[in-house]
Amino acid sequence: MSKKSKTKTYNPSSSITVNGQLKSSAQSTKNGANATYNMDPYEQAAYNFAQKSFYENIPNINVFSDDTVKNLNNQVKAYLNQGVNTIQNTYTPMIRDMQNDIARRFGNVNNSIFMDNLNDIESKRAAAMSDLAQNVEAKRSELVNNELANRYDYLSFLNNYQNQVYNNMLSTLGVNNNLLNTNNSHLNNVANNSKGSNSFYDNAQLAMQVAKFFI
């Protein structure tokens with residue numbers, strides 16, 4: 001009566017440990033590989049914060065709060081005041097020196113030379129004020145653009161961090177699955193070699209039995 005060979009079922013597993021912590025484990029099942037990834041508490045907290053902050057900031061990315069607007073206006077005002085002071089400190093001494101010079105030479109400032117020079121200085125000061133007004137608007141746009149750029153950079157950082165964690169997870173799981181496949185291949189090779197050894201042994205026994213008839 002022939003014996004039926006039993007099929008052996010192997011369920012190998014594999015794991016990856018980093019600094020004593022189990023990062024990933026995988027188990028072979030009849031439906032495929034079942035792999036898990038374990039975050040340490042700090043990694044989990046940082047990932048949760050990045051995810052929460054990202055979605056909280058998206059709706060308000062282009063919306064400026066009252067405090068933000070006030071802060072921007074204060075910076076523009078400070079820039080304007082600095083510009084006005086620079087212009088005044090430049091042209092006021094020029095007018096005063098000219099007045100003193102004309103008074104010394106002509107005894108008074110009611111003459112055409114003074115008025116011509118005064119008009120020239122006032123014209124230059126008006127042009128400087130006009131340039132300052134344009135610079136103030138440019139400064140406001142610069143501050144707004146910088147604020148938006150910083151916000152988008154922050155969102156990009158949060159998103160990149162989440163993607164990096166996710167990619168690390170997939171990479172670790174991929175390595176673990178490769179280890180699991182290696183284990184499967186090894187066990188299959190062992191099983192096949194075992195079957196081959198048993199067949200050789202059975203054939204040798206049969207040859208010995210047959211040889212008895214010719215002795």
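Since we're looking at a predicted model, the values are computed, not measured. Note that these values count all heavy atoms, side chains included, but never hydrogens, waters or copies made by symmetry.
- The number of heavy-atom neighbours closer than 6.0 Å to CG of D66, taken from other residues, nucleotides and ligands shown, is 12 or below.
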### Task
Determine, stepwise, if the pair T92 / R125 fulfils side-chain contact (heavy atoms from CB on, under 4.5 Å).
CA-CA 9 Å; T92 299; R125 180 161 61 177; 4.0 Å; yes

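- In terms of the side-chain hydrogen bond (donor to acceptor under 3.5 Å, both in side chains) criterion, residue partners of Y152 (sequence neighbours excluded) are, by chain and number, N62.
- Partners of T68 by side-chain contact (heavy atoms from CB on, under 4.5 Å), not counting sequence neighbours, listed by chain and number: F64, S65, L72, E147, R151.
- D120 meets the salt bridge (charged side-chain N to carboxylate O under 4.0 Å, His left out) test with K124; sequence neighbours excluded.
- Note that CG of N117 is 9.5 Å distant from CE of M94, once rounded to the nearest 0.5 Å.
- In this structure, K139 NZ and E142 CD are separated by 4.5 Å, a value rounded to the nearest 0.5 Å.
- Between the OG1 atom in T90 and the CD1 atom in I95 there is a gap of 11.0 Å [rounded to 0.5 Å].
- The NZ atom of K70 sits 10.0 Å away from the CG atom of N73 when rounded to the nearest 0.5 Å.
- Residues that satisfy the side-chain contact (heavy atoms from CB on, under 4.5 Å) test with N57, not counting sequence neighbours, are S53, Y154, L155.
- Formation of a donor-acceptor pair under 3.5 Å by the N168 side chain with backbone atoms of Q164 is found in this model.
- Closest non-hydrogen pair, Q162 versus A50, comes out as NE2-O, 3.7 Å.
- Between E43 and Y161, the closest heavy-atom pair is O-OH, 4.1 Å.
- From N48, atom CG reaches atom NZ of K52 across 10.5 Å, with rounding to the nearest 0.5 Å.
- Note: R140 CZ to Q75 CD = 10.5 Å, rounded to the nearest 0.5 Å.
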Compile the donor-acceptor pairs under 3.5 Å between side chains in residues 78-85 and protein atoms, sequence neighbours left out, one pair per line.
residue: N81; atom: ND2; partner: K77; partner atom: O; Å: 3.3
residue: N85; atom: ND2; partner: N81; partner atom: O; Å: 3.1

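- For N159, the side-chain hydrogen bond (donor to acceptor under 3.5 Å, both in side chains) criterion is met by no residue, not counting sequence neighbours.
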